[in-house]
Structure formats: C-alpha cells, structure tokens
Q: 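I'd like to ask some things about the structure below.
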Amino acid sequence: MANQEIQVVDKKELSPESGEITRNGLYFTPAVDIFENSNELTVVVDMPGINSEDVEVDLRENILTIIGDAKAEEFGGQELLTEYRTGGYYRTFRVNNLIDHAKIAASMNDGVLTLKLPKSEKAIPRKIPVVCD
Amino acid sequence: MTIWDIQRDPWVGEFMRLQKNMNNLFSTLNENSPSSEYFLRRGRLFPPINVLKDEGNYKILAELPGVKANEIDLSVQGETLTIKGERKPENLDENVSYHRRERSHGSFQRSISLPEKVDSDNIGANYKNGVLTITLPLDKGSGPRKISVSTE
C-alpha cells in the first residue's frame, strides 16, 4: 500500500450534536482510528499543533472524552494562504464497561494521540479446555 | 404626479436576476454548503499549508500529523520547494477489528513555487506536534531597488 496517495480531509468544526463545549475558541472534530484486538481497544487521534500537556483524556460513566487545547500563536505578519484553520480538538465516545480503567495509557507523538484501553479480565475471551474422559 | 410601476421597468427584472445569481454564487462559496466542499476539495494536496509573510521571511506551516521528522523529505530547487514523505499506518496487526477508520495514510508530495527569491542557503525547518514550520528568509539582494531617473 506504499503507493497509495494520502487524502486531504477538511477539518470539521465541532457540531452542536456531538456535544457542546463550554470553552472559548474554535474546536474541531479530529479524525480517529479505533480498533480492538482481544486484549485492548486502541484509539488513535490526529491532533496536529497540540502540545501533549494540553491534552485531556477523561473516562467516566463509560464516556471517553478527548480534548486538545490549542495555544494561540501570535504572528505579526501577513497571511498569504490559509488552507487549514487552527484550533482545539474535541471528541467523545461511548465505550463499554469492560475497560480496565486503571490501566489506560495515553501517549502523544508527532501530533497523534494514541490511547490504549486494556480490557478487563472478564472481557478477555478465555479458552476452556474440553477434557474427554 | 408620477406613479412608478416597478414591475414594468425592464431594468428591475434584469437587476433582480443579477442579484439572484450573485446570491447563488455566494451561497455556493459558503463553507457549509455541500457544493462548496466540492470546490474546496478539488485539486487539494496533502499536506494542507498556511503561508505567512513578515518583514524578511516567508513562513510555511504544514499539518502532517503522524509523520516522523526524519521521514520528511524537504528540498528546494530554484524557486520550488518540495515536501515529500509518507504517513505509515498506525497499526500493522492483522488480528484487529476496526470501529472507526478516518485517518488516511500513504505517500505524499507537494511542490510550492515561491513568489520571490529566497535565500535558499538559510532555509530553516522545524517539526513539532505534527506541524512542520519552514522559514524562508527573503534574499536581500532581490528586494526592490531604487533606480534614479536622470534628466538631460
């Protein structure tokens, strides 16, 4: 798949249906990948321009909330071309209750937030050996 | 006393038509309408860039989250700046099931022609949090020069 060309996807401004945010400034709905294997759920979120310390991840009552706050940048120049807008990111998901809350890990690299949500013991499928007498 | 019957004036109808067409044009360019999305998306290249200019520099900012700094290939030839690279998929494990797959991956290449001569020896690039910032100092020698006009 190395020859596949990357697609440009316009940033979508946060719509009121996806949850209102009581903060100032522009917030976008970030693009995400969510996948799971038998042990964990992984959430990958594109948040270019956000410092790792400005990211908030919160999971309560099965609602996972991801917020990235943008630092306003001062530039005393002339804008010649604007193809993308800058701002924060906000997105919420409902996750099932089989996540081990204590073991959630988050990392931020090159503007991409990766969340690992391990499944709790009871959610991991276990093989039960069938013994034949 | 003259009573203006607007409906009979041929110019009013023409003007109304013009106004309607203009309104249509602007609503097409309105960000939220679906047709403008088509206009804006057409011919768009990755990464999206913002270009700024201040006193002595051009500043090009590009959003390319998920690309490693050492995998960005940046070059300048003449007055053309080229950004090349590849965004690799996050997950290579086959045994997963996807719930969302919105982030695209693949290779990209984008060339930008610089409108003025820049000092290509002093171009700086910095990559942080998925945003590439390229600083291009303007070539001092190519600035506007005053030419005195002599009279005979």
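Computed from a prediction, not measured in an experiment: that's the story for all the values here. These numbers come from the heavy atoms of this one structure, side chains and all, not from hydrogens, waters or symmetry mates. Order of the sequence lines sets the chain letters (A, B, ...), proteins ahead of strands, with each chain counted from 1.
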Q: Under a 4.5 Å side-chain heavy-atom rule over Ile, Leu, Val, Met, Phe, Trp and Tyr, are B/Leu138 and B/Val76 clustered together?
A: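 Yes.
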
Q: Is it the side chain or the backbone of B/Pro47 that comes within 4.5 Å of chain A heavy atoms, both, or neither?
A: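 Only the backbone of B/Pro47 comes within 4.5 Å of chain A.
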
Q: Measure the spacing between NZ of B/Lys53 and CG of A/Leu80 and express it to the nearest 0.5 Å.
A: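 Going from the NZ atom of B/Lys53 to the CG atom of A/Leu80 covers 7.0 Å.
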
Q: With a 4.5 Å cut-off on side-chain heavy-atom distances among I, L, V, M, F, W and Y, is there a chain of contacts connecting A/Val45 to A/Val112?
A: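 No, it is not one cluster - the side chains of A/Val45 and A/Val112 are not joined through contacts under 4.5 Å.
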
Q: Is A/Glu53 atom CD crowded by more than 12 heavy atoms from other residues, nucleotides or ligands, each under 6.0 Å away?
A: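 Correct, the count exceeds 12.
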
Q: I'd like to know which of B/Lys68, B/Lys88, B/Glu63, B/Arg101 tops the heavy-atom pair count under 4.5 Å against chain A.
A: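 The candidate making the most pairs under 4.5 Å is B/Glu63.
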
Q: For a quick test of reading the model, state the closest non-hydrogen atom pair linking A/Glu79 to B/Leu52 and the distance between them.
A: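 Reported closest heavy-atom pair: CG-CD2, 3.3 Å.
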
Q: Considering all heavy atoms of both residues, which atom of B/Asn50 and which atom of A/Tyr84 are nearest to each other, and what is their separation?
A: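 Here B/Asn50 and A/Tyr84 meet closest at ND2-O, 3.0 Å.
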
Q: Which region of A/Thr42, side chain (C-beta onward) or backbone (N, CA, C, O), has a non-hydrogen atom less than 4.5 Å from a non-hydrogen atom of chain B, or is it both or neither?
A: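 For A/Thr42, neither part sits under 4.5 Å from chain B.
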
Q: So which residue, A/Val32, A/Thr86, A/Leu41, A/Asn37, ends up with the most heavy-atom pairs under 4.5 Å with chain B?
A: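 Heavy-atom pairs under 4.5 Å are most numerous for A/Val32.
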
Q: Heavy-atom pairs under 4.5 Å with chain A: which of B/Val131, B/Asn95, B/Ile49 has the most?
A: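 The residue among B/Val131, B/Asn95, B/Ile49 with the greatest pair count is B/Ile49.
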
Q: Would you say A/Val44 and A/Phe28 are hydrophobically clustered, going by side-chain heavy atoms of ILVMFWY under 4.5 Å?
A: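 Different clusters: A/Val44 never reaches A/Phe28 through Ile, Leu, Val, Met, Phe, Trp or Tyr contacts under 4.5 Å.
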
Q: Quick check: closest heavy atoms across B/Glu102 and A/Pro30, and the distance to 0.1 Å?
A: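 Nearest heavy atoms, B/Glu102 then A/Pro30: OE1-O, 3.7 Å.
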
Q: Please look at B/Ile60 and chain A and tell me whether the side chain, the backbone, both or neither of the residue comes under 4.5 angstrom of a heavy atom of that chain.
A: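 Neither part, no heavy atoms under 4.5 Å.
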
Q: Is the closest side-chain heavy-atom distance between B/His99 and A/Phe93 below 4.5 Å?
A: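 They are not in contact (no side-chain heavy atoms under 4.5 Å apart), so the answer is no.
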
Q: Mind running side chain to side chain contact (heavy atoms under 4.5 Å, CB included) on A/Met47 and B/Asn129 for me, showing each step along the way?
A: CA-CA 8 Å; A/Met47 297 203 281; B/Asn129 297 329; over 6 Å; no

Q: Is it the case that one hydrophobic cluster holds both A/Phe35 and A/Leu64, taking links as side-chain heavy atoms less than 4.5 Å apart, direct or via other members?
A: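 Shared cluster, no.
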
Q: With heavy-atom distances below 4.5 Å as the criterion, would you say the side chains of B/Val67 and A/Asp110 are in contact?
A: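 Contact flag for B/Val67/A/Asp110 side chains = no.
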
Q: Keeping the roles fixed (side chain from A/Asp46, backbone from B/Pro65), state whether a donor-acceptor pair exists under 3.5 Å.
A: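 Not at all, since once roles are kept as given, no pair shorter than 3.5 Å links the two residues.
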
Q: Can you get from B/Ile123 to A/Leu81 by hopping between Ile, Leu, Val, Met, Phe, Trp and Tyr side chains that sit under 4.5 Å apart?
A: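 Cluster IDs for B/Ile123 and A/Leu81 match.
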
